[in-house]
Each structure stands twice: as C-alpha cells, then as structure tokens.
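Each chain gets a letter, A, B and so on, in the order its sequence line appears, and its residues count up from 1. FYI, side chains are in, hydrogens and waters are out, and symmetry mates aren't considered; it's all heavy atoms of this structure.
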Protein chains: 2
Amino acid sequence: MGVSKLEIYPQYVNDIAQIAKVFSHPARVAIMQYISTQESCICNDIVEEIGLSQSTISQHLKVINNAGLLKGTFEGKSVCYCIDIERFEMFQKIVDTFFNRTKQNCC
Amino acid sequence: MGVSKLEIYPQYVNDIAQIAKVFSHPARVAIMQYISTQESCICNDIVEEIGLSQSTISQHLKVINNAGLLKGTFEGKSVCYCIDIERFEMFQKIVDTFFNRTKQNCC
DNA sequence: ATTTAATATCGTAATATTACGATATTAAAT
DNA sequence: ATTTAATATCGTAATATTACGATATTAAAT
C-alpha cells in the first residue's frame, strides 16, 4: 500500500522513527551541521553551501522546522535560522535512551 | 527527480543519513526493540508481535540486516536473529558524535 | 509607489518506500 | 521421498519523497 501503519506502534516507537526521519536525508544532516557552524544563518548561504536548488533547500528546512528544531528570526529581508538547542538535546536524549535500552536488553 | 544526490555530501554526512534511515520506520524500531528483549529471535514471533504481514516483516529485517545490525544463525527450520552489538554501538557512537558536534558549534 | 533580494509555495516529474498476497526456498520431521 | 513449518523473494498497487523551475510573498531599499 505504501502507507506506514502508525497506529499499531506505541507512541515512543513512532517518536523515534519520526526523529530519525529528519536525519535520514543527507541534505538535512548537512543543513543542520552548517547552521550550527554559523553565528546566525541565512538561507541563501545554505543554498550555495549545499548545492541544491533554493526551493529544494527551502523544502528541507521546512521538514527540519516542522520537527521543531529551528528557531527563526527575521533580520531584514532574510530569515536567520538557529537550531533550537533544547529541542535538539531532547532528541539526542530520546535517541540515546533507545540505543541504551536496546543494548542493555540484548542477547 | 526523486533521487537524492548523494555525491554532493561528505561521506560522514551520508553515513549519518543512512543510519537514520534504518530507524526512520517504526516497524524497524519496534523490531530492533523486540529482538533485543529475546534470548534469540525467530521471525515468526516478530510477525505476531508487530502485526504486519510475514513478507513485510521479512523486508524490514532485510533493511536492518543490510545495515549490518543483525547476526543470524540457523537453528533448525528457523533463523535466530540477534543484534550485532558491536555494530549497534558503532552506530550509537556516530550518532552521538553528530549530536555533540552540532550542539557544540551552535549559536 | 517601485524595485530588489530573500525565502516560501505550487505544480509536476522521477524515483523510493511500504505493504501484501502468492509463490519459492530451505531444512527438519515423518 | 514427502510433508511441514519458517523464511525469503517476486510482482504489484498505493503512497511518500526528492528535486526543480516558475511563481508568489515579504520586507527593506530606493
């Protein structure tokens, strides 16, 4: 069918899958990485840095943003994107807990 | 186009995306989780546990296996799957390093 | 008010993913 | 040798993702 059956999994399993999905495309990994190296970040810089079209970058930024990982402020004509560190750390903790729990139980 | 342009990213960026992809589907998260709770694991149990068809589970197991996360031994008619803990810990380390590096640099 | 630059959105084509039933394969049990 | 049970693979339909060009939107600069 092509649709994931989300309703058959416990919440925390879906949470982990959703977090992983954000980082499952190299463009999004690269964007996160790049934003983190900037004082503050302007989308146009990202386009040049990554090498995809402006509209594609904008789409990827939307996915990252929808996951709650960005804080954007408008500075003049351009948007300054920043990583929402608290949210990012929350993701790290959830992922790390999953790894540790799985490791621990394992045969 | 629909194809990710893998050649424009550094290796480690593609690595992280590929690791994340394994966990980007809840079925695969649930399978890893479930395998970890068993002494050793038989696919048929997984089918009953997760609630997808046998062929779908088999497909997801293949994805997990292709990532190098499983060690399988044949026990009679059934396959006993085990998590390759060393590989799993390697993934954990790579992911954790990404989180930490990104956090550290950030504005 | 008009222009300009940055970013978002729309429409669309190409490809990937998910799911399942049907069938193939495999090895033990009879 | 045949049956049985477990798992893998094939074929296919439905949907999601990726990418891009064209266009819309927005706010500052003129």
Side-chain angles (χ1 to χ4, degrees), chain A residues 1-9 13-14 17-31 34-35 38 40-67 70-82, chain B residues 1-9 13-14 17-31 34-35 38 40-67 70-82:
Chain A
M1 310 214 156
V3 211
S4 302
K5 295 182 159 179
L6 299 177
E7 69 284 0
I8 67 174
Y9 309 101
V13 165
N14 282 326
Q18 223 166 0
I19 290 171
K21 203 167 235 177
V22 176
F23 301 103
S24 71
H25 193 288
R28 292 195 288 270
V29 174
I31 288 170
Y34 182 65
I35 291 182
Q38 304 304 101
S40 62
C41 190
I42 290 149
C43 187
N44 202 251
D45 292 344
I46 302 182
V47 174
E48 279 157 31
E49 179 70 17
I50 310 279
L52 295 169
S53 81
Q54 184 267 322
S55 59
T56 303
I57 294 291
S58 189
Q59 245 178 152
H60 282 302
L61 276 169
K62 197 178 177 184
V63 173
I64 299 171
N65 191 42
N66 286 347
L70 295 180
K71 286 193 285 195
T73 45
F74 287 87
E75 297 210 338
K77 324 183 203 193
S78 50
V79 180
C80 153
Y81 279 119
C82 245
Chain B
M1 309 213 154
V3 211
S4 302
K5 295 182 162 178
L6 300 177
E7 70 283 1
I8 67 174
Y9 309 102
V13 165
N14 283 325
Q18 224 165 358
I19 290 171
K21 204 166 232 176
V22 177
F23 301 103
S24 72
H25 194 288
R28 292 196 287 271
V29 174
I31 289 171
Y34 182 66
I35 292 182
Q38 304 305 102
S40 61
C41 189
I42 290 149
C43 186
N44 203 251
D45 292 344
I46 303 182
V47 174
E48 279 157 33
E49 179 70 17
I50 311 278
L52 294 170
S53 79
Q54 184 268 322
S55 60
T56 302
I57 295 291
S58 190
Q59 245 180 150
H60 282 301
L61 276 169
K62 197 178 178 184
V63 174
I64 298 172
N65 191 42
N66 286 347
L70 295 180
K71 286 193 286 195
T73 45
F74 287 88
E75 297 209 338
K77 324 183 201 187
S78 50
V79 180
C80 152
Y81 280 119
C82 245

Inset, instruction - Give a yes/no answer on whether the side chain of B:K21 brings an N or O atom under 4.0 Å of OP1 or OP2 in C:dT17. - result: yes

Inset, instruction - Would you mind telling me which residue lines up with the more 5' stretch of DNA chain C, A:N44 or A:K5, judged by nearest nucleotide? - result: A:N44

Legend entry - OP1 or OP2 of C:dA19 under 4.0 Å from side-chain N/O of B:T56: no

Legend entry - Interatomic distance, B:I8 CD1 vs D:dT18 C1' [rounded to whole Å]: 12 Å

Inset, instruction - In sequence, state the C-alpha distance, the side-chain angles, and the governing distance for B:Q59 and B:S55, and then conclude on side-chain contact (heavy atoms from CB on, under 4.5 Å). - result: CA-CA 6 Å; B:Q59 245 180 150; B:S55 60; 5.8 Å; no

Inset, instruction - Report the distance from atom CG of B:L52 to atom C1' of C:dG21, rounded to the nearest whole Å. - result: 14 Å

Inset, instruction - Kindly say if A:K62 contacts the phosphate of C:dT7, meaning a side-chain N or O under 4.0 Å from OP1 or OP2. - result: no

Inset, instruction - Among C:dT18, D:dA8, C:dC20, find the nucleotide with the atom closest to the side chain of B:R28. - result: C:dT18

Inset, instruction - Take atom CZ of A:F23 and atom C1' of D:dT17, then tell me their distance rounded to the nearest Å. - result: 18 Å

Inset, instruction - Would you mind reading off the distance between A:I64 atom CD1 and D:dT18 atom P, rounded to a whole angstrom? - result: 11 Å

Legend entry - Who pairs with D:dA13 - Watson-Crick or G-U, where each distance is under 3.5 Å: C:dT18

Inset, instruction - Check whether the side chain of B:Q54 and the base of D:dA8 form a donor-acceptor pair under 3.5 Å. - result: yes

Inset, instruction - Using atom CG of B:D45 as one end and atom P of D:dT7 as the other, report the distance to the nearest whole Å. - result: 8 Å

Inset, instruction - Report the residue (A:S55 or B:I42) whose heavy-atom-nearest nucleotide on DNA chain D is the more 5′ of the two. - result: B:I42

Inset, instruction - Quickly work out the A:L61 CG to D:dA19 P distance and round it to whole Å. - result: 13 Å

Legend entry - For atom CD1 of B:I50 and atom C1' of C:dT18, their distance in whole Å: 15 Å

Inset, instruction - Nearest 0.5 Å please: distance from the CD1 atom of A:I35 over to the NZ atom of A:K71. - result: 12.5 Å

Legend entry - Given D:dA8, C:dA19, C:dA8, the nucleotide with the shortest approach to the side chain of B:Y81: D:dA8

Legend entry - CD1-OH distance between A:I46 and A:Y81, expressed to the nearest 0.5 angstrom: 8.0 Å

Legend entry - Whether B:H25 and B:H60 hold their rings parallel, tilted or perpendicular, with breakpoints at 30° and 60°: tilted

Inset, instruction - For A:I57, answer base if it contacts any base atom (sugar-phosphate contacts may also be present), sugar-phosphate if it contacts only those atoms, and nothing otherwise; contact means non-hydrogen atoms under 4.0 Å. - result: nothing

Legend entry - Under 3.5 Å donor-acceptor, A:R28 side chain and A:K21 backbone: yes

Inset, instruction - Take the protein atom CD1 of B:I46 and the nucleotide atom C1' of D:dA8, then report the distance between them rounded to whole Å. - result: 14 Å

Legend entry - Any B:H60 side-chain nitrogen or oxygen under 4.0 Å from OP1 or OP2 of C:dA19: yes

Inset, instruction - Please round to the nearest 0.5 Å and tell me the distance separating atom CD1 of A:I31 and atom CD1 of A:I50. - result: 5.0 Å

Inset, instruction - Could you tell me which nucleotide pairs with C:dA5 by Watson-Crick or G-U wobble geometry, both distances under 3.5 Å, or answer none if nothing does? - result: D:dT26

Inset, instruction - Assess whether one donor atom and one acceptor atom, taken from the side chain of B:Q59 and the base of C:dA19, lie less than 3.5 Å apart. - result: yes

